[in-house]
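For reference, the structure discussed in these notes is given below.
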Amino acid sequence: MKREMEQTIRKRQDGKEKEKKGLSCPVFKKCGGCQLLKDSYEKQISRKQETLRKLLKPYCRTQSFLPMEDPLYYRHKVTAAFDRDGKGNVISGVYREGTHVVVPVTECFLENRKADAIMATVRGLLKSFKIKTYDEDTDYGLLRYVQVRVGCATGQIMVVLVLSTPILPSKNNFVKALRKEHPEITTVVVNVNNKKTSMVLGEKQQVIYGPGYIEDELCGLRFKISPGSFYQVNPVQTERLYNKAMEYAALTGKETVLDAYCGTGTIGMIAAPRAGKVIGVELNQQAVRDAVTGAKKNQISNIRFYQNDASEFMVQLAESGDPVDVVFMDPPRTGSDERFLESLARLRPRRVVYISCNPETLVRDLKYLTGKGFEVKKAMGVDMFPFTVEMECVCLLSSRESRCESKDRCGSGRLLPYQGRTEKE
């Protein structure tokens, strides 16, 4: 035991030394995923802080960038494309930037180690089960991608086999062989993608082992994660990001809160115990179902989820006249569209907490909102993706003229009379 502890400490020390000097990867120039791999972690954080400071300088001063304590192997969702090399050997990895040529990846400094080990096992099983990898040019072959999702807190593991047809030969024996090497796998799903598309997952799927989903814990709550559900790939930093978002929101227990682009409802459910009531909106049907399930599992009764486009929903909400006190918005990389922002300006909530994964589209949206009477109060960068140029940012805006001026109205408005679809409880 003492020897094992000494080895563990030595490995951690070696890892810290690598972080200071930068890391070396054999596919660094081919993959393109880790643009900052050669920089020390301290240099990466300094660079990101300065980038964010310059971008947000016209609007507010940025707080200190929030680094990750252990920035290695943080991606708990790993997707690999499968192919064969010139010698016919099975390979898996990522597409070379701008192409569909697979760069073989056997180990990645960013990816969960268990997920990489599972990918290696799948590569080995394909030959013994005589499963062909899919060829885009000939439209021949079966296995296109494998996606592994690991519950950071629970340790539950989901393996999604993305096939070109619904039939997996000897599927029971395949699962048995896979779980023999990795008994911690809790569910295996076959997803069918028979279209020539850059999308990984198709619309149809079949559970061939376990419940078809995993669960994870975040900020004291438990969440259901299905193959198509959005869930942050770096749960450690996500928890710190969401805690900062709650701090910015400054909820008192009376507010009506809107969680736009809510995904599986993580932000809304975290806010619910601090708010009067919460409304969540999300376009992805499976994510909404998972959100409803999560609310029940966590015994949260003051939240409702609606399946709709966030922009369309905001238009209807603005027209309904119901007051909203705080809006959380976590849009995709493209940011919000003008219809959403215009409706947000019409709603005039007291506070807007904008979580962005693309500071450039954040700045574009801030320009629009400040022109509509909002003021940017503060912002902070969070390093969700170490060793890459990507960064997350949480930003607080306040309205100069809130529609909810009377304290006794806050949190007391009726639920939106939404004409679209709502998931039943």
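Basis for what follows: all heavy atoms, side chains included, without hydrogens, waters or symmetry-related copies.
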Which atom pair, heavy atoms only, marks the closest approach of [X] to [Y]?
{"X": "Pro386", "Y": "Asn234", "answer": "CD-ND2, 4.3 Å"}
{"X": "Leu283", "Y": "Asp309", "answer": "CD1-N, 3.7 Å"}
{"X": "Pro227", "Y": "Gly212", "answer": "CD-O, 3.5 Å"}
{"X": "Gln205", "Y": "Asn191", "answer": "OE1-ND2, 3.4 Å"}
{"X": "Asn298", "Y": "Arg222", "answer": "ND2-O, 2.6 Å"}
{"X": "Val148", "Y": "Ala115", "answer": "CG1-CB, 3.8 Å"}

Indicate whether the side chain of [X] and that of [Y] have a donor and an acceptor atom separated by less than 3.5 Å.
{"X": "Thr186", "Y": "Gln156", "value": "no"}
{"X": "Gln44", "Y": "Arg47", "value": "no"}
{"X": "Asp290", "Y": "Thr264", "value": "no"}
{"X": "Ser64", "Y": "Gln49", "value": "no"}
{"X": "Arg179", "Y": "Tyr209", "value": "yes"}

Cation-pi geometry met for [X] and [Y] (6.0 Å, 45°):
{"X": "Lys38", "Y": "Phe28", "result": "yes"}
{"X": "Lys48", "Y": "Phe65", "result": "no"}
{"X": "Arg348", "Y": "Phe374", "result": "yes"}

So how far is it from [X] [atom1] to [Y] [atom2], rounded to the nearest 0.5 Å?
{"X": "Leu56", "Y": "Cys395", "atom1": "CG", "atom2": "SG", "value": "6.0 Å"}
{"X": "Thr121", "Y": "Asp116", "atom1": "OG1", "atom2": "CG", "value": "11.0 Å"}
{"X": "Arg346", "Y": "Glu319", "atom1": "CZ", "atom2": "CD", "value": "5.5 Å"}
{"X": "Cys31", "Y": "Gln35", "atom1": "SG", "atom2": "CD", "value": "9.0 Å"}
{"X": "Thr165", "Y": "Asn193", "atom1": "OG1", "atom2": "CG", "value": "11.5 Å"}
{"X": "Leu110", "Y": "Tyr74", "atom1": "CG", "atom2": "OH", "value": "4.0 Å"}

| request: Kindly check if the number of other-residue, nucleotide or ligand heavy atoms within 6.0 Å of CD (Glu375) is above 12? | output: yes
| query | Would Lys224 and Glu215 satisfy salt bridge (Lys or Arg N to Asp or Glu O under 4.0 Å), going step by step from the backbone distance to the final call? | reply | CA-CA 5 Å; Lys224 176 185 175 184; Glu215 293 181 336; over 6 Å; no
All N/O donor-acceptor pairs, side-chain side in residues 327-334, below 3.5 Å, sequence neighbours left out:
| unit_1 | atom_1 | unit_2 | atom_2 | d |
| --- | --- | --- | --- | --- |
| Arg333 | NH1 | Cys357 | O | 3.0 |
| Arg333 | NH1 | Glu390 | OE1 | 2.9 |

| message | Show, in sequence, the C-alpha distance, side-chain angles and deciding distance for Ser336 and Tyr261, and conclude whether the side chain to side chain donor-acceptor pair (under 3.5 Å) test is met. | response | CA-CA 10 Å; Ser336 294; Tyr261 313 97; 3.0 Å; yes
| request: Start with the C-alpha distance between Glu111 and Arg75, add both sets of side-chain angles, then the distance that settles salt bridge (Lys or Arg N to Asp or Glu O under 4.0 Å), and finish with yes or no. | output: CA-CA 5 Å; Glu111 296 174 352; Arg75 292 188 66 92; 5.7 Å; no
| field | Validation row, ring centre Phe387 to ring centre Phe109 under 6.0 Å | value |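 Centroid separation for Phe387 and Phe109: 6.0 Å or greater.
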List for me each residue that meets ring-ring contact (aromatic ring centres under 6.0 Å, His included) alongside [X], sequence neighbours excluded, and say none if there are none.
{"X": "Phe82", "value": "none"}
{"X": "Tyr95", "value": "His100"}
{"X": "Tyr145", "value": "none"}
{"X": "Tyr354", "value": "none"}

| Charged N to carboxylate O below 4.0 Å: is that the case for Arg339 and Glu312? | yes
| query | Partners of Lys43 by salt bridge (charged side-chain N to carboxylate O under 4.0 Å, His left out), sequence neighbours excluded? | reply |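 Once residues adjacent in sequence are excluded, the partners of Lys43 under the salt bridge (charged side-chain N to carboxylate O under 4.0 Å, His left out) criterion are Asp39.
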| Test salt bridge (Lys or Arg N to Asp or Glu O under 4.0 Å) applied to Lys277 and Glu255, step by step | CA-CA 7 Å; Lys277 66 179 181 183; Glu255 295 86 356; over 6 Å; no
| request: Answer yes or no: is there a side-chain heavy-atom contact under 4.5 Å between Leu258 and Val326? | output: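 No - every pair of side-chain heavy atoms lies 4.5 Å or more apart.
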| message | Set out, in order, the CA-CA distance, both residues' side-chain angles and the distance that settles side chain to side chain donor-acceptor pair (under 3.5 Å) for Ser92 and Arg123, then state yes or no. | response | CA-CA 7 Å; Ser92 66; Arg123 290 196 298 270; 2.8 Å; yes
| task | Please test Val394 against Leu241 for side chain to side chain contact (heavy atoms under 4.5 Å, CB included), starting from the C-alpha separation and ending with a verdict. | result | CA-CA 7 Å; Val394 56; Leu241 172 70; 4.0 Å; yes
| request: Please lay out, stage by stage, how Lys196 and Glu136 fare under the test salt bridge (Lys or Arg N to Asp or Glu O under 4.0 Å). | output: CA-CA 7 Å; Lys196 289 191 174 182; Glu136 289 185 332; over 6 Å; no
| field | Arg350 (side chain) donor-acceptor with Val324 (main chain) under 3.5 angstrom | value | no
